[in-house]
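Have a look at the structure below before the remarks.
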Amino acid sequence: MNLDQKIRNSLNNKILYKNLKNFASAYKISRKNAFNGLDFDQLVADLSSKKSRNRAQINELFELFKQNATSSGAKVYQATNAVDACRYITEICKKHNTEYIAKSKSMTSEEIKLNEYLEKEGLKPIETDLGEWILQIAGEHPSHMVMPAIHKSRQQVAEIFRRYTGEDIADDDIDKMVKIARKYLRDYYFKATVGITGANVAVANAGAIGIVTNEGNGRLTSTVPPVHIVLLGYEKLVADFDEALKVIKLLPKAATGQIISTYVTWIKGQNSSHKNPHGIKETHFVFLDNGRLDFFDHPILKEALKCIRCGSCANICPAYEMVGGHTFGHIYIGAIGSILTRMYHDEKTAHELLKLCIGCKACSKFCPAGIDLQSIISELNIETTEKFGLPAAKKFIYRKVIANPSIFKTTMKIGSFLQIPIISKDKIHLSKSPLPKDKDFRVLPSISRETFSKIYPKIDTNKNSMNKKIFFYPGCAVEYFYPYMGKALVKVLNRFGVKVDIPTKQVCCGLPAIHAGDGNAGKATISKNLDYMPDPSNYDAIIVLCPSCGMAIKEDFPKHMKEDYTKLNLSNKLSEKIISFREYLEKLGIDLKINNNVKVTYHTPCHQGRGLGSSAESYLKAILGENFIPLKDSDVCCGFGGSYSIEFAGISKGILDKKIENIIQTGADIVLTDCPGCVMQIEGGLLKKNLDIKVMHISTFLDSYI
Amino acid sequence: MNKTPLERFLKYSSMVSNEHIFLKESQINSYLKETRFNYINIPSLNLFRDCVIDENGIESAIVEAEAGISETGTAVVMSEDEKLRLATCLCEELTVILYTDKIFNNLEDIAPILEANMRKESNYIAFITGASRTADIERVLTIGVHGPVRMKVILTERGE
Ligand code: SF4
Ligand code: SF4
């Protein structure tokens, strides 16, 4: 099945939709409660800095672990790759003549496809984690790292169990299903001579491992069978128990919103085992390389080795929530999954998965290991796009059109003429979408007859009392679609004595090309853009109405100008001064009051909340008082993502529908936001659904109401 | 108002539906007589009872905790003894005796205990926070998937 088909199937899967939606909303609440009273950012910073290790440092920890773990006779094996690990484990199982092997959940064993290998060798591995067992007997793979069977309904599980056991199980009798699992799995622990577990941490200075489970299957697997094999990647190594407990403190809270998992089991060496003829357990630690060791020295991917496999980056990912792990994932799923797929599995598959990221940055913000997943995804996207290529049409657009301001301008001009027959009565929207039906879920804005740069000199300004000066970068959306938002900004700022300058030529910020994976076009565009940027020291601030442009200036400009010292210097200065319109108003400290009785809610744009770093919620609350109604999941993506909303229209629409559901619930008359992209998406969706709720950029709102 | 370690322990231990019993050390013996535990392992009071443990499991076990963690409601149980391990994994109801002077505030505070006990050639230490649970079917919380169905914590002060 290709990716498009997979996406379509997932989007049509009602059970998946319901389960993931319910989970996402419950998860956010329990996670928040679990972290209540703790300084999440501090905990993350601590763990992240501890886990910053290069290959030599990891090797040191490994040697220490080995020395301590082997003191009681446990064996430590270093497997170079998947086959090597599978072969070694199979040999041990065969040596002990075991028919059954009890397994407790291990993503590393999924990574090396251990079960498949063992089964081919005539062995019977039994997954003892309930979710994994359900999937094993159904012949499926996990769709989530922590909740493997999250895509299944109780009815489906009942059916799977009925077929497997022949017992009578009512469709919604979850208790009975769990009891059945208990009964069947209990036997296997005793039949198995070998138990296989993973490890969540491996403590070097003690030679001990820690395993986290809720069900207790890890305890049974490591206790009952006389042989215990621990399969783990080198990234699980930590220096000491202090570091190990930092992982334990964060992991369950981030994973499921639990304060702690029911069982945390610490094991060192070979413990007593009455079923072993020697009276003590035979223990093997199998350390898997599979490319990891080299990645510890990789400039970007080393970050991914900090991952503690909590699954947060899937739990909060709007794209994952729409399609699930069988589509947004290979073996590892979600944001980290697309990265790990590039590292351990197939680059071509990774290339496809990386494109599913809409760029909302929620994963980066929620990761307990402090991994900036979105940035890594963006870099890998550029890397794999270079290798596997961009469709010719896109390449043309990013390289020949957008990177060249004059051609871009002419193209938009032509577009503004071509659209005339389909312009709607309100003049600012299209009455008919130029897109095919399956991508037509919003009313699109029309290209403005006049660009912002054209309108700007005509804006009435009170020239007398300007005592401050800012530089406003409009970006393509304001320049070509929403000049009125820019006009509103100029008017509001002028009222408060702030002069507004703009670039002499409007050049794209480069983000669309970067997001599409065209790094070279992105770089060329940024370089061109900087030709028209002023020296920021002459200005009070550099201001944007589009936080995506803002984030590009803040992060991508310096990142992509490393080779050009002068432009890097300018980029750094711009990066320091870039803020949004609302942030600047707040900085000015002007006491605004809105005197009318409209009910207003606010959607936090991803690149505002997480990119530029603050949401306008508290500001709006202050100026609107009672009339401000908070929006549930305000900071969750609206599904826009630029060309993403065309390429993956189904996912984009699904995300938007949830946003609209929440908006309707507020009962507000106006939805405010501060990103033209979000306006395009949300307004387009509301219009398409014929809902009478207005969408406004904060600039336009303030211009109209103060 | 800041909670004492015991109060905080009770809060988080209650969150996982543990039952709490307050006993004086001197009452424990009679409690054991009333409640016929299949397996007993309380080193501080030198109280032990052994039994056969196979795939059928046992009804009840009572063991002593080495420490408690208040920020998570956790009992730290030294489990080097294989029988104790089996008993705590395979009993229907698990009771843990926790001396209140052994309740630590935070997870990090347990690091020295782990460190010291893991100096041995081999060891097995369990953090237990509630009964065995799963949410793998439609995220519905269900108790007793592999191990105990109920957990009780007896909180006791030393030498009374
Ligand atoms: S990358 Fe971060 S959020 Fe994702 S699973 Fe790993 S630790 Fe959790
Ligand atoms: S940036 Fe957003 S869409 Fe992309 S992987 Fe992270 S959470 Fe998902």
Side-chain angles (χ1 to χ4, degrees), chain A residues 19 22-23 26 71-72 74 128-131 134 147-150 152-154 157 174-175 177-179 181-182 185-187 189-190 203 206-208 214-217 219-220 223-224 240-242 244-246 248-249 256 259-274 280, chain B residues 11-12 15-16 53-57 69 71-74 76 79-83 85-86 88-90 106-149 151:
Chain A
N19 285 7
N22 289 345
F23 170 60
S71 61
S72 72
T128 58
D129 173 83
L130 176 59
I134 293 168
M147 288 156 303
I150 189 158
K152 289 266 174 260
S153 69
R154 61 188 78 185
V157 176
I174 293 181
D175 259 328
M177 297 176 216
V178 171
K179 286 213 178 72
R182 179 182 173 102
L185 291 172
R186 180 68 67 86
D187 276 347
Y189 295 118
F190 286 86
V203 187
N214 276 319
E215 300 183 0
N217 57 323
R219 276 153 61 76
L220 282 156
T223 295
V224 182
D240 48 29
F241 282 106
D242 191 62
L245 289 165
K246 285 194 160 64
I248 303 302
K249 190 160 182 153
T256 54
I259 303 290
I260 192 167
S261 307
T262 310
Y263 301 105
V264 183
T265 304
W266 305 96
I267 306 172
K268 177 176 183 187
Q270 310 200 112
N271 286 282
S272 51
S273 166
H274 73 283
I280 64 161
Chain B
K11 174 182 165 190
Y12 288 107
M15 268 169 68
V16 292
I53 306 171
D54 58 19
E55 57 266 48
N56 298 314
I69 308 169
E71 74 162 331
T72 53
T74 302
V76 179
S79 310
E80 189 181 8
D81 180 334
E82 189 189 10
K83 255 314 178 36
R85 236 179 298 148
L86 289 167
T88 52
C89 285
L90 294 170
N106 298 316
L107 275 164
E108 297 88 298
D109 304 331
I110 301 296
I113 297 181
L114 292 172
E115 205 99 16
N117 284 282
M118 286 297 186
R119 265 187 216 123
K120 291 194 194 165
E121 277 190 353
S122 61
N123 208 341
Y124 198 113
I125 300 170
F127 289 3
I128 304 178
T129 317
S132 156
R133 62 181 52 214
T134 185
D136 273 352
I137 304 175
E138 276 193 31
R139 291 191 318 107
V140 175
L141 183 66
T142 318
I143 299 299
V145 53
H146 290 284
V149 179
M151 179 167 172

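All heavy atoms count here, side chains included; hydrogens, waters and symmetry mates do not. Just so we're on the same page: letters track the sequence lines, and every chain starts at 1. Small disclaimer: the values here were computed from a predicted structure and weren't measured.
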* Asked: Which answer fits A131(B), side chain, backbone, both or neither, if we ask what part of it has an atom under 4.5 Å from a heavy atom of chain A?
  -> backbone
* Passes side chain to side chain contact (heavy atoms under 4.5 Å, CB included), N271(A) versus E80(B)? Steps please. -> CA-CA 7 Å; N271(A) 286 282; E80(B) 189 181 8; 3.9 Å; yes
* Asked: Considering only heavy atoms from C-beta outward, does the side chain of W266(A) approach that of N117(B) to under 4.5 Å?
  -> no
* Asked: What distance do R182(A) atom CZ and T134(B) atom OG1 have between them, rounded to the nearest 0.5 Å?
  -> 12.5 Å
* Asked: Below 4.5 Å, heavy atoms only, C-beta onward: do L245(A) and F127(B) meet side chain to side chain?
  -> yes
* Asked: If you round to the nearest 0.5 Å, how far is CG of N56(B) from CG of D187(A)?
  -> 8.5 Å
* Asked: Where does L130(A) contact chain B at under 4.5 Å (heavy atoms): side chain, backbone, both or neither?
  -> both
* **Among the listed options N214(A), T265(A), T128(A), the residue most often paired with chain B at heavy-atom distances under 4.5 Å** => N214(A)
* Structure fact -> Turns out that what part of E215(A) lies under 4.5 Å from chain B's heavy atoms comes down to both
* Counting distance only, does the side-chain N/O of R154(A) pair as donor-acceptor with the main-chain N or O of E138(B) below 3.5 Å? -> no
* Heavy-atom pairs under 4.5 Å with chain A, option from A135(B), A126(B), C89(B), G144(B) with the top count -> C89(B)
* Any idea which of M15(B), E115(B), K83(B) has the most non-hydrogen atom pairs under 4.5 angstrom with chain A? -> E115(B)
* Could you have a look at M177(A), H274(A), Q270(A), K246(A) and say which one has the most heavy-atom pairs with chain B under 4.5 angstrom? => H274(A)
* Asked: Is it the backbone or the side chain of I134(A) that comes under 4.5 Å from a heavy atom of chain B, or both, or neither?
  -> side chain
* For the student: nearest non-hydrogen atoms of A149(A) and D136(B), plus distance -> CB-O, 4.1 Å
* Euclidean distance, K120(B) NZ relative to S71(A) OG, rounded to 0.5 Å -> 12.5 Å
* Asked: Looking at I110(B), V140(B), L86(B), L90(B), which one has more heavy-atom pairs under 4.5 Å with chain A than the rest?
  -> L90(B)
* **V203(A) vs M118(B) side-chain heavy atoms within contact, under 4.5 Å** => no
* To do: Between chain A and each of S132(B), A111(B), P112(B), count heavy-atom pairs under 4.5 Å; write down the option with the most.
  => S132(B)
* Asked: In terms of heavy-atom proximity below 4.5 Å to chain B, should F190(A) be classed as side chain, backbone, both, or neither?
  -> side chain
* **Point-to-point distance, once rounded to the nearest 0.5 Å, from CD1 of I280(A) to CD of E82(B)** => 11.5 Å
* Using non-hydrogen atoms and a 4.5 Å limit, figure out which bit of R139(B) sits close to chain A: side chain, backbone, both or neither. => side chain
* May I have the step-by-step check of side chain to side chain contact (heavy atoms under 4.5 Å, CB included) for I69(B) and I260(A), ending in yes or no? => CA-CA 11 Å; I69(B) 308 169; I260(A) 192 167; 5.6 Å; no
* Could you tell me whether the side chain of M151(B) reaches within less than 4.5 Å of the side chain of T262(A), counting heavy atoms only? => no
* Interface moiety of A208(A) toward chain B, non-hydrogen atoms closer than 4.5 Å -> side chain
* Region of A244(A) that comes under 4.5 Å of a non-hydrogen atom in chain B -> neither
* With side chains defined as the heavy atoms from C-beta onward, is the minimum distance between K152(A) and I137(B) less than 4.5 Å? -> no
* Asked: If every non-hydrogen atom of G130(B) is compared with every non-hydrogen atom of Y263(A), which pair is closest and at what distance?
  -> O-OH, 4.2 Å
* Asked: Looking at V76(B), N106(B), D81(B), T88(B), which makes the most heavy-atom pairs under 4.5 Å with chain A?
  -> T88(B)
* **Toward chain B, the part of S261(A) with a non-hydrogen atom under 4.5 Å** => backbone
* Spacing of CG belonging to L220(A) relative to CZ belonging to R85(B), to within rounding of 0.5 Å -> 11.0 Å
* Under the side-chain hydrogen bond (donor to acceptor under 3.5 Å, both in side chains) criterion, do R219(A) and S79(B) qualify, and how do the steps go? -> CA-CA 11 Å; R219(A) 276 153 61 76; S79(B) 310; 5.0 Å; no
* Using side-chain contact (heavy atoms from CB on, under 4.5 Å) as the criterion, point out the one residue from V16(B), T72(B), T74(B) that pairs with I259(A). => T72(B)
* Measure Y12(B) against the heavy atoms of chain A and call it side chain, backbone, both or neither at under 4.5 Å. => side chain
